[in-house]
Amino acid sequence: MFNFGQNNFMSHLIAPSMLSADFANLQHDIEIINKSEADWFHLDVMDGVFVPNISFGLPVISAINRYATKPLDVHLMIVHPERYIADFKMAGTDILTVHYEAVTHLHRTIHAIKEEGMKAGVVLNPHTNVMLLKDIIRDVDMVLLMSVNPGFGGQQFIENTYSKIGELKNMIHASSSSALIEVDGGVTTENASKLVKAGADVLVAGSSIFKSDDILKTIHTLKTA
Ligand code: DX5
Ligand code: ZN
């Protein structure tokens, strides 16, 4: 399929969040990420209901898909994500991630995502305990730990995330799951290496990449952290 990071010899993956890109010049910013050392495009879909902000939806993802040469990692911050699984597949999604807090029948939703031919992820808000995933951890391809409250870019990293990564890593090993751990929110060139040492497999970064003077260099620094 595509580079999903399940090779022990591979370094961690970098997923720039397009929420911090220039929406008036999206193609330009997509092409910078195409030629960078980044691995995936992280796309944040917000509905103004699950989170107090509205970002973009299916038509924008389809448009990004026309130019992106790397997998699309779509983070749904919406209620009833199960209603739109086939639509996100159609738009070009490779990895579809839904919030634990937004889904009643998580097992059914995760399997419906896989049946559409996508990798399936579950996201936890900062206050949600990783132990709640114990009975689903073998079914998911990825767990996304929010290290800020979802809804906005540019927020302060929540330090408690490090211990959550450790707990989740232990659960993944204990259950022989192959789930990747992705961290999202407040990731910078300063905390990247500590996150990777703690066990993060994928780092999402929005403002620290797009607000930097040299996007390619910042991505290189994150990738080699
Ligand atoms: C927040 C989003 C993040 C956001 C991260 O709800 O899920 O992906 O874009 O932005 P930074 O890296 O600026 O915290
Ligand atoms: Zn996100």
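Both counts, for ligands and for their atoms, begin at 1 and track the order of listing.
The side-chain heavy atoms of Val204 and Val187, taken from C-beta on, include no pair separated by under 4.5 Å. Residues Ser17 and Phe210 form no side-chain contact, since every pair of their non-hydrogen atoms from C-beta on lies 4.5 Å or further apart. Side-chain contact between Leu26 and Phe56 is absent, with no heavy atoms from C-beta onward closer than 4.5 Å. Put simply, the side chain of Val130 reaches to within 4.5 Å of the side chain of Leu145, judged on heavy atoms.
Of all protein heavy atoms, the one closest to atom 14 (O) of ligand 1 is Gly186 N, 2.8 Å. The protein non-hydrogen atom at the shortest distance from atom 2 (C) of ligand 1 is Asp44 OD1, 3.4 Å. The nearest heavy-atom contact from the protein to atom 9 (O) of ligand 1 is Ser17 OG, 2.8 Å. Annotation: atom 12 (O) of ligand 1 to nearest protein heavy atom, Gly206 N, 2.8 Å.
For the pair Ser208 and ligand 1, the shortest N or O to N or O distance does not fall below 3.5 Å. For ligand 1, the polar-atom distance check against Met46 finds no nitrogen or oxygen pair separated by under 3.5 Å. In terms of N/O distances under 3.5 Å, ligand 1 is not approached by Val148. Between Val187 and ligand 1, not a single N/O pair is under 3.5 Å apart. Close N/O approach between Asn149 and ligand 1 is not found [any backbone or side-chain N/O within under 3.5 Å].
Side-chain contact check for Ser193 and Lys197: at least one donor-acceptor pair (N or O, by modelled atom type) lies under 3.5 Å. Checked by atom type, the side-chain pair Thr161/Ser147 shows no donor-acceptor distance below 3.5 Å.
Atom numbering of ligand 1 starts at 1 in the shown order; those under 4.0 Å from a heavy atom of Gly185 are 14 (O). The ligand atoms of ligand 1 that sit less than 4.0 angstrom from a heavy atom of Pro150 are 6 (O). Contact atoms of ligand 1 toward Leu19: 9 (O) (distance under 4.0 Å to a heavy atom of the residue). Applying the 4.0 Å criterion to heavy atoms of His42 picks out, from ligand 1, the atoms 8 (O). Interface atoms of ligand 1 facing Met77, defined by a heavy-atom separation under 4.0 Å, are 6 (O), 7 (O). Ligand 1 places these atoms under 4.0 Å from at least one heavy atom of Met146: 7 (O). Less than 4.0 angstrom separates some heavy atom of Phe152 from each of these atoms of ligand 1: 1 (C), 6 (O). Of all the atoms in ligand 1, the ones that sit under 4.0 Å from a non-hydrogen atom of Gly153 are 10 (O), 13 (O).
Aromatic ring orientation, His107 versus His111: tilted (interplanar angle from 30° to 60°). Using cut-offs of 30° and 60° on the angle between ring planes, the pair Phe4 and Trp40 is parallel.
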Point to revise | From CA spacing to verdict: side chain to side chain contact (heavy atoms under 4.5 Å, CB included), Ile137, Leu168 | key: CA-CA 9 Å; Ile137 196 69; Leu168 179 57; 4.0 Å; yes
For Leu43 and Phe88: C-alpha separation, side-chain torsions, deciding distance, then whether side chain to side chain contact (heavy atoms under 4.5 Å, CB included) applies.
CA-CA 11 Å; Leu43 305 177; Phe88 280 100; over 6 Å; no
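For atom 7 (O) of ligand 1, the nearest non-hydrogen atom from the set Asn125, Val51, Asn53, Asp184 belongs to Asp184. If you check each of Gly151, Ser20, Ser207, Gly154 against atom 6 (O) of ligand 1, the one with the closest non-hydrogen atom is Gly151.
When you scan the N, O or S atoms of His75 for the one nearest the Zn ion (ligand 2), you land on ND1. The Zn ion (ligand 2) sits nearest to atom OD1 when only the N, O or S atoms of Asp44 are considered. Within Asp184, OD2 is the N, O or S atom that lies nearest to the Zn ion (ligand 2).
At distances below 3.5 Å, not a single donor-acceptor pair connects side-chain atoms of Thr109 with backbone N or O atoms of Glu82.
Only one option out of Ile33, Leu144, Leu19, Leu203 pairs with His42 in a side chain to side chain contact (heavy atoms under 4.5 Å, CB included); it is Leu144.
Salt bridge status for Asp39 with Lys223: present, with a side-chain N to carboxylate O gap under 4.0 Å. With respect to Lys169 and Asp201, a salt bridge is recorded, a charged nitrogen being found less than 4.0 Å from a carboxylate O.
Heavy atoms of Ala205 found under 4.0 angstrom from ligand 1 belong exclusively to the backbone.
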